[in-house]
Amino acid sequence: MAYGYYPGCSSHGTAREYDISTKKVCERLGLELKEVEDWNCCGASPAHATSEELSLALPFRNLALAEKQGLNSIMSTCSACYNRLKVADEILKNTPEISSRVSEIVGESYNSSLKVIHFLDLISKELGIERVKEKVQKPLADIKVVSYYGCLLTRPPEFVSVDPDPENPTVMEEIIGALGAEAPDWSHKTECCGASLALSRTDIVLRLSGEILKSARFADADCIAVACPLCYANLDMRQAQISSMHGVDYSLPVLFISELIGIALGIGYKELGMNKHMVSAKTLLTEKGLI
Amino acid sequence: MVESSQNENIEILTYSEVEEVGGYIGNFDVKIRKKARFVDIDKCTGCGTCYQKCPVKVPSEFDMEMGMRKAIYVPFPQAVPNVPVIDKEHCRMFTKGKCSICQKLCQADAVDYEQKDEIIEDRFGAIVVATGYDLFDASVYGEYGGGRFKDVITGLQLERLISPAGPTGGHIKRPSDGKEPKNVVFIQCVGSRDIEKGVPYCSNVCCMYTAKQAVLLKEHLPEVQTNIFYMDIRSAGKNYEQFVQRTMEQYGALYIRGRVSKIYQRGDKLIVKGADTLVGIQVEVEADMVVLATGITPRHDSKNLAGILSIPYDQFGFFTELHPKLAPIETVTSGIFLTGACQAPKDIPDTVASASGAAAKVASLFSSDEMSMEPLVSTIDTAVCSMCKACVEVCPYGAIQEEEITLRDGTKKKQLIVLESVCHGCGACVSTCRSSCIMLRGMTDEQIFDELMAVAQ
């Protein structure tokens, strides 16, 4: 059975390596992905800050298309996409009057038959962490990885959660543990990175993301695992700026969870698109004999 | 407690539970299960050898799991009677079938593993319910660690740390590493006044116990800095406000108006992030220990007890008084009275006052042979009554009973009567009775018709 795949805009831009590595990893794990044809923007944060109808109409069209294309599920890698699709799906399912209004606006119909999941759900719930463990060829031994969830993967908990505990999620740690790496508990796994304030209020992003890098360093981490392109953008691309602001050279590679899985499955560094990072993981991975 | 136990008119049944209550005011038939404690109360001298030598250690409930107790134990040093009880869940004799160290060492031969529960059935004139409260479970607050951080404790746990009879002998040491805390954060309203995660009501006691604990901490550790996050300070009691002011001025407690959004660990410190809404800024406090002022909730089994006693309870499980202002101690069931926090969150003075009130109510009830009641009660015209018993079904107080009478010719006949001491005159039976044979005294159909006619003229 193929899983519907909704890449979202960042997979074609700032987080291309997330898209590349996800596809490679799924291929290696025997998970068939089928991209939703003619998908559009999920709306992310600008839509629901502008209009509630718009914030539902945009994901509605994606859901309707996926359903029409005969898919049973829709998986996204981006946590904003996942969040918008999931929240919209829940609202549409439970409030028929909103559903019919949005259906009228979009001109499509949606019967709420899709299972809306995130890449983490695909690995942990659909496939099972044990199955990943079986396929590990290069255990990530001797690496300390802290998992950063950000805000949208677990909130609001009544609609969205890749983990039953929104305050202290552990699903990424479980996956990383299965890959053979050390996944310690740390303080900032669900703190805000500053998200889309990156352009309008860069100072806030630098402060918040700076706190996260500081805590990761305090937890003695070798690298940070993320499952959201925006978290990645803030932590990786802004790291040089934060380093100079703090006067500390963090040099903390920020890796997508799919890239870590890919490395452990024995997929090549370039094959996963990992040469695209601002803070290179090459030195770390070479030191540990993984590439 | 000790004084009560020595009073010849008071019998204390500890480790016992009320299972059934029948009858009515003056004549309550109560079935009590006296649980097997596996130690003979009459033989035990309270020497303590058994619990000193018992090899099984279990977290102590009385010390809020901060210290340990044995499998045979006295719950706390001042317990009455000073006789140990065996915890069947953990005692090796019950779990593995061997050990019997306490039995061998007991010089009074008081340990009896074969002891069975005892059922006591007796008649009582009145019942005072004083079953207390439970503490709000703070583990729902994931943002405060949800139980993950050892140095985030509850107010009652701090109380045990301060107590000379507590697990640390009265030395205030934080649970993680036993160090004396230098900077302590208190968070008020944990569970209380929180519709999302807790209960909407105010727990009444937390503002004052937090202030008291801030004072005690400072007295124990003069170097300590206390920071108290609060929503409002509710110090409405005699001298309470002065006490809070003293806590701030003389004991240097820093009161911060605002909620805490998150606690996380950084090294051996706890970072407390919150808001100071008076200044309008976000604050971060580096603390060694955090104390949560967890609220009061009804006892977990209060609804079950309410069923046994036939008394109502509110949406949370607190027992409901007859009238919130004019009859705060009585319940709708005559002869059953409420005292303490089983009715609503109460502090010590309020509890003592309501307990004294309940005692006085019972004493005045017992002091005379006759009882004065409201005259508005139902009566049944037995000549008309067909014994359909529809009224028995609807009576919320169980006031209608069947009795057997002997007629003049010697034959026996059953009829329904209203227990006037139990009836509240609600009129449910009157409107239910198909043959109109039940009337409220002073409110008969004829009287009401006459009134209407007089009005109409």
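Chain naming here is simple, since letters A, B, ... match the order of the sequence lines and numbering starts at 1 in each. Below, each value reflects all heavy atoms present in this structure, side chains not excepted, and no hydrogens, waters or symmetry copies.
- The neighbour count for B:K88 NZ, taken as heavy atoms of other residues, nucleotides or ligands under 6.0 Å away, does not exceed 12.
- Using a 4.0 Å cut-off between charged side-chain N and carboxylate O, B:R160 and B:E65 make no salt bridge.
- Ionic pairing of A:K144 and A:D222 is not present here: no N-O contact between side-chain nitrogen and carboxylate oxygen is shorter than 4.0 angstrom.
- Looking at A:S215, neither its backbone nor its side chain comes within 4.5 Å of chain B, counting heavy atoms on both sides.
- For A:Y232 and A:Y18, the ring centers are positioned 6.0 Å apart or more.
- Applying the salt bridge (charged side-chain N to carboxylate O under 4.0 Å, His left out) test to pairs two or more places apart or on separate chains, those with a residue in residues 275-296 of chain B are B:K269-B:D288.
- Considering OH of B:Y264 and NZ of A:K189, their distance stands at 14.5 Å, rounded to 0.5 Å.
- Of all residues in residues 188-199 of chain B, none places a non-hydrogen atom less than 4.5 angstrom from a non-hydrogen atom of chain A.
- Under the 4.0 Å criterion applied to side-chain N and carboxylate O atoms, B:K179 and B:D268 are assigned as salt-bridge partners.
- A salt bridge links B:R69 to B:D87: one of the charged nitrogens lies within less than 4.0 Å of a carboxylate oxygen.
- A salt bridge (charged side-chain N to carboxylate O under 4.0 Å, His left out) check over residues 193-202 of chain A, counting only residues at least two apart or in different chains, returns the pairs A:R201-A:D203.
- Of the charged side-chain nitrogens involved, none lies within less than 4.0 Å of a carboxylate oxygen, so that B:K173 and B:D177 do not count as a salt-bridged pair.
- For residues 141-157 of chain B, a heavy-atom distance under 4.5 Å to chain A picks out B:G142, B:E143, B:R148, given by residue number.
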